[in-house]
Amino acid sequence: MHADHAAPLRRRELHFGNRVVWCFGDRMRCVYSALRGAVQQHGDRTALVFGEGSWTYAQVEAEVGRIAAGLRLLGITAGDRIAMWVRNRPEFVFIFFAIQRLRAVAVPVDVRLQAAEVSHVLADSGARVLLHDEELAGRLPVAGVNAPHMVPVAVPEPKAGVLFAHVSDHSAPEQQAAASEDDVAIILYTSGTTGKPKGAAITHFNVAHSVLHHAGNLGLTADDRSLIALPLSHVTGLLCGVIAPFNTGGTLILLPNFKAAEFLRTAAAARMTYTIMVPAMYHLCLREADFGALDLSAWRLGHFGGAPMPQATIDALARRLPGLQLVNGYGATELCSPATMWPLGEPRVPLDSVGRVMPCAEIVVVDPETGIEVPSQRAGELWIRGPMVIKEYWNDPAATAAGIVDGYWRSGDLGSIDADGWVYVHDRLKDLINRGGYKVYSAEVEACLLEFPGIVEAAVVAKRDPVLGERVHAFVSAPQPVSPCELSAFCAERLADYKVPEGWTIGSDPLPRTHTGKVDKKDLRLRAAACRPLIGASS
């Protein structure tokens, strides 16, 4: 924790039936408390800024109340799942807290997903309502196919009206009493090795500790002005970008998406003090010609994660913004982010480390083949336990049993911990591609490619990229000629744009295999690094 913010007292508690974990005794008991507490303490202070508009905490709660009333009229009660297919805009925040007010379950959906992907989320979560941006109506799944009881509700564009305007005169429902802090509050879908996204079931208990770890380590207060351009439908944007700043009573400045020039202009005008981005976004900011001309003197904290920060980027930021402190962190959807962070103010931080273990977290380094803890400073799979680890994978007991062992989440990441307690992540055991902070599982893309007529084999690997960290490269074996443009268009109709391969190697020869008969991805990664690929669609 930050030196000026002593860690709350810890104690061990039993949760989720059979997990004994370290917990903070003083914590919020439900997600809605983040907003309710801010309204009580900072009701007249600015909570949210978007473009030319701004809302105080009291005004945010009024919007939340109207939407909660509208959902109640649709028959929504505690435990019902509500899908949110809404881009970064104030309505996302209002809808999310309205769902929490009813003790229902929010299911945020990335607006870049295609109809088939959204259909899976709706069917798996059992969502009763899909609140969606009007502009996404053309991509709505076919009604009644996978979610026969789901009701789609369009969220109007700002100039076209407000959501549930017809219930504005109804009294807003009171905040529902907390049945249990172990109840699920959010389901976030993360791709699995089988190619089908899995629902990470995040509880009120999980969120409370994630917020305390995050805001506590950074020392966030009501005076901080957080600028967020990451997607709110992802774990970092939602928990670190929305809930944590609201819980401290600070101001959230929201951008619809990340464009370096707009981000810097907004940061200067809004006197931003804090942001969280992936390293590639910092690099893109430094490339902007106006960087040196803008007044960014209020910017004190730059949080990053998802990929290593190049030393050249760290050095350039230090030269241009000597008052900026960078903070690395390591987390995942299953950990509600973060599990480790650089301690604020630490005089000697190993720059290749992802930080120290958070106060209520435990990390052991395990041989993934034997399940035996490896000696200190040796590399192995990081197994992580604590109050931040998700309750389960929604509707998937087999994945839960395989992924969470005795309360430890098996990260699939190869890492180590040195004698001083610094945690290092060396590589990934899973075939996960990290494209500028967006996670892409090769199995999901491969499954899509194998649906294309005539393709016999397909394998997807990461190709290193100086800006995004990694890009998606596909190897395809097909007897008859096929063009990368055809394959790109086929994938773009079925996958989010960041999952569509940007590099292609297409031929009729079989893909290389190991002695066990599996596709040799190590060989393919070397080929991808050495070749000049055919280029398909890019974004």
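Worth knowing before you read on, the calculation uses all heavy atoms, side chains too, and leaves out hydrogens, waters and symmetry mates. This one's a predicted model, so the numbers in the text were calculated from it and none came from an experiment.
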Does a salt bridge link Glu13 with Arg27, judged by any charged N lying under 4.0 Å from a carboxylate O? yes

Going by heavy atoms in the side chains, are Phe24 and Cys360 under 4.5 Å from each other? yes

Pair Glu362 + Arg10, salt bridge at N-O below 4.0 Å: no

side-chain contact (heavy atoms from CB on, under 4.5 Å) with Pro108: which of Leu188, Val235, Ile82? Leu188

So that I can tick it off, tell me whether Glu91 and Arg89 are bridged by a salt bridge, with the cut-off set at under 4.0 angstrom between side-chain N and carboxylate O. yes

Ionic contact status for Lys499 with Glu117, cut-off 4.0 Å: yes

Tyr32-Arg101 side chain donor-acceptor pair, cut-off 3.5 Å: yes

Spacing of Ile99 atom CD1 and Leu131 atom CG [to the nearest 0.5 Å]: 6.5 Å

Can a donor-acceptor pair be found between the side chains of Glu334 and Tyr393 at a distance below 3.5 Å? yes

Qualifying salt bridge (Lys or Arg N to Asp or Glu O under 4.0 Å) pairs with a residue from residues 240-257, counting only residues at least two apart or across chains: none

So if I apply the side-chain contact (heavy atoms from CB on, under 4.5 Å) rule between Trp85 and each of Val107, Leu136, Asp133, Asp110, which one comes out positive? Leu136

Of the non-hydrogen atoms in Trp394 and Ala201, which two are nearest, and what is the gap between them? CE3-CB, 4.3 Å

Determine whether more than 12 heavy atoms belonging to other residues, nucleotides or ligands lie under 6.0 Å from atom CZ of Arg287. no

Any donor-acceptor pair under 3.5 Å from Arg139 side chain to Leu113 backbone: yes

Enumerate the salt bridge (Lys or Arg N to Asp or Glu O under 4.0 Å) contacts for residues 291-311, please, sequence neighbours excluded, ordered by first and then second residue. Asp224-Arg300, Arg271-Asp295

Ignoring hydrogens and angles, state whether a donor on the side chain of His303 or Thr275 is under 3.5 Å from an acceptor on the partner side chain. no

Would you name the heavy atoms of Leu239 and Cys336 that are closest together and state the gap between them? CD2-O, 3.4 Å

Among side-chain atoms of Tyr438 and Glu470, is any donor-acceptor pair under 3.5 angstrom? no

Is the centre of the Trp55 ring less than 6.0 Å from the centre of the Phe94 ring? yes

